[in-house]
There are 2 protein chains.
Amino acid sequence: MATSARQGPYFCGIDAAMDVVTGKWKSLILWELQEHGTRRFAELRRGLPGVSEKMLVQHLREMEEDGLVNRRVYPVVPPKVEYSLTEHGVSLNAALESLAVWGQERIQRIGADKITVEAA
Amino acid sequence: MATSARQGPYFCGIDAAMDVVTGKWKSLILWELQEHGTRRFAELRRGLPGVSEKMLVQHLREMEEDGLVNRRVYPVVPPKVEYSLTEHGVSLNAALESLAVWGQERIQRIGADKITVEAA
DNA sequence: GGGGGTGCTCACCTTGGGGTGAGTACCGCA
DNA sequence: TGCGGTACTCACCCCAAGGTGAGCACCCCC
């Protein structure tokens, strides 16, 4: 099921990490939260053009179960929820750094388009 | 299409890298080829318990198109094909190292099972 | 002479990841 | 008075990723 923590069994560390990062938007969510520290639901939605609310909720729930993000709910009348990275989320992001660099080089190599997100 | 090189557009380096590594067995194939240097088709199949021949062929083709692996065919009577990493494949694997370490720690944390592959 | 190995291809089917659109309870603003 | 924002849930649908099983052309070994 998509709503319970992933738990292997795994061949090696790579697929244990991939398991947690697989999902169309997860790496982007990690990125967003790293860049901005703390973000509200709607801010994340705006920061990831094309994401559906359903997937955003679902991914955030899974990442919470996997211990990557903190979810903080303020019991105020217009709902307010803040998401941030846990220490595991931060370290995962650090581990993704070298992958990001490799990806950048690949983008250059193949001359792929890049989506630029205008700051809100 | 699954049989043409992936080409974005991308949000950032991470998803450019993820794009190339996404696929149930790709990271494991990378791992196998790194560990053994050069492997024949049937050796890879045996090294990845549970992979179907169809998926193995398909993933290898895609990785070839993405410039990650070399495919070398020997025109001998019982077919012989050898796969190895290109320099891009090697550097991708290096970039995955820190992810692998993170994944190992995660396996420890959650106490997940690990699949051990008996050497052939 | 037939069973197993080699490296595939092809056709078919299932699964689930992800998208779409509606509904909700309450508020502020025009 | 009604529209838009906030953070969701729910029902439904679709397509592609992945699995299954067969076939192939040729060989070696028992």
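These numbers come from a predicted model, not from an experiment. Throughout, protein chains are lettered first and strands after them, A, B, ... in sequence-line order, and every chain is numbered starting at 1.
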**Report entry** Length of the CG-C1' vector between A:Leu48 and C:dG19, whole Å
**Finding:** 16 Å
Requested in this report: Output yes when at least one side-chain N/O atom of A:Arg46 is less than 4.0 Å from OP1 or OP2 of D:dT6, else no.
Outcome: yes
Query - Rounded distance (Å) that lies between atom P of C:dG7 and atom CZ of B:Arg61 - result: 12 Å
Report task. Please state whether the phosphate of C:dG5, meaning OP1 or OP2, lies under 4.0 angstrom from any side-chain nitrogen or oxygen of B:Arg40. Result -> no
Query - Validation row: B:Leu33, B:Leu44 side chains within 4.5 angstrom (heavy atoms) - result: yes
Report task. Name the closest nucleotide to the B:Val77 side chain, picking from C:dG18, D:dC27, D:dA7. Result -> D:dC27
Query raised in the report: Rounded to whole angstrom units, what separation is found between the CZ atom of B:Phe41 and the C1' atom of C:dG7?
Result: 6 Å
Query raised in the report: With respect to the phosphate group of D:dA7, does any side-chain polar atom (N or O) of A:Arg72 fall under 4.0 Å of OP1 or OP2?
Result: no
**Report entry** Joint hydrophobic cluster, B:Val76 plus B:Tyr83, side-chain heavy atoms closer than 4.5 Å
**Finding:** no
Requested in this report: Compare side-chain N and O positions of B:Arg39 against OP1 and OP2 of C:dG7 and report whether any pair is under 4.0 Å apart.
Outcome: no
Query raised in the report: NA contact type, A:Tyr83, heavy-atom cut-off 4.0 Å: base, sugar-phosphate, or nothing?
Result: sugar-phosphate
**Report entry** Main-chain N/O of B:Leu68 paired to B:Thr86 side chain as donor or acceptor, under 3.5 Å
**Finding:** yes
Requested in this report: Verify side-chain contact (heavy atoms from CB on, under 4.5 Å) between B:Ile29 and B:Arg39, making sure each step is shown before the conclusion.
Outcome: CA-CA 10 Å; B:Ile29 292 173; B:Arg39 296 236 99 180; over 6 Å; no
Query raised in the report: Are B:Val69 and B:Met55 grouped together when hydrophobic residues (ILVMFWY) are joined by side-chain heavy atoms under 4.5 angstrom apart?
Result: yes
Report task. Report the distance from atom NZ of B:Lys80 to atom C1' of D:dC27, rounded to the nearest whole Å. Result -> 15 Å
Query raised in the report: With respect to the phosphate group of D:dG18, does any side-chain polar atom (N or O) of B:His59 fall under 4.0 Å of OP1 or OP2?
Result: yes
Query raised in the report: Can a side chain N or O of A:Lys54 be found less than 4.0 Å away from OP1 or OP2 on D:dC12?
Result: no
Query - B:Glu53 CD - C:dC10 C1' separation (whole Å) - result: 13 Å
**Report entry** Length of the CD-C1' vector between B:Gln58 and C:dT9, whole Å
**Finding:** 12 Å
Query raised in the report: Where each residue is assigned the nucleotide of DNA chain C containing its nearest heavy atom, which of A:Pro79 and A:Met55 is assigned the position nearer the 5′ end?
Result: A:Met55
Query raised in the report: Can you check whether A:Arg71 has a side-chain N or O nearer than 4.0 Å to OP1 or OP2 of D:dC8?
Result: yes
Query - Value in whole Å for how far the P atom of C:dC8 lies from CG of B:Leu44 - result: 11 Å
Query raised in the report: If you check every side-chain atom of B:Ser52, which of D:dC8, D:dT20, C:dG18 has the closest atom?
Result: D:dT20
Report task. Grab the CG-P distance between B:Leu28 and D:dG18 for me, whole Å please. Result -> 12 Å
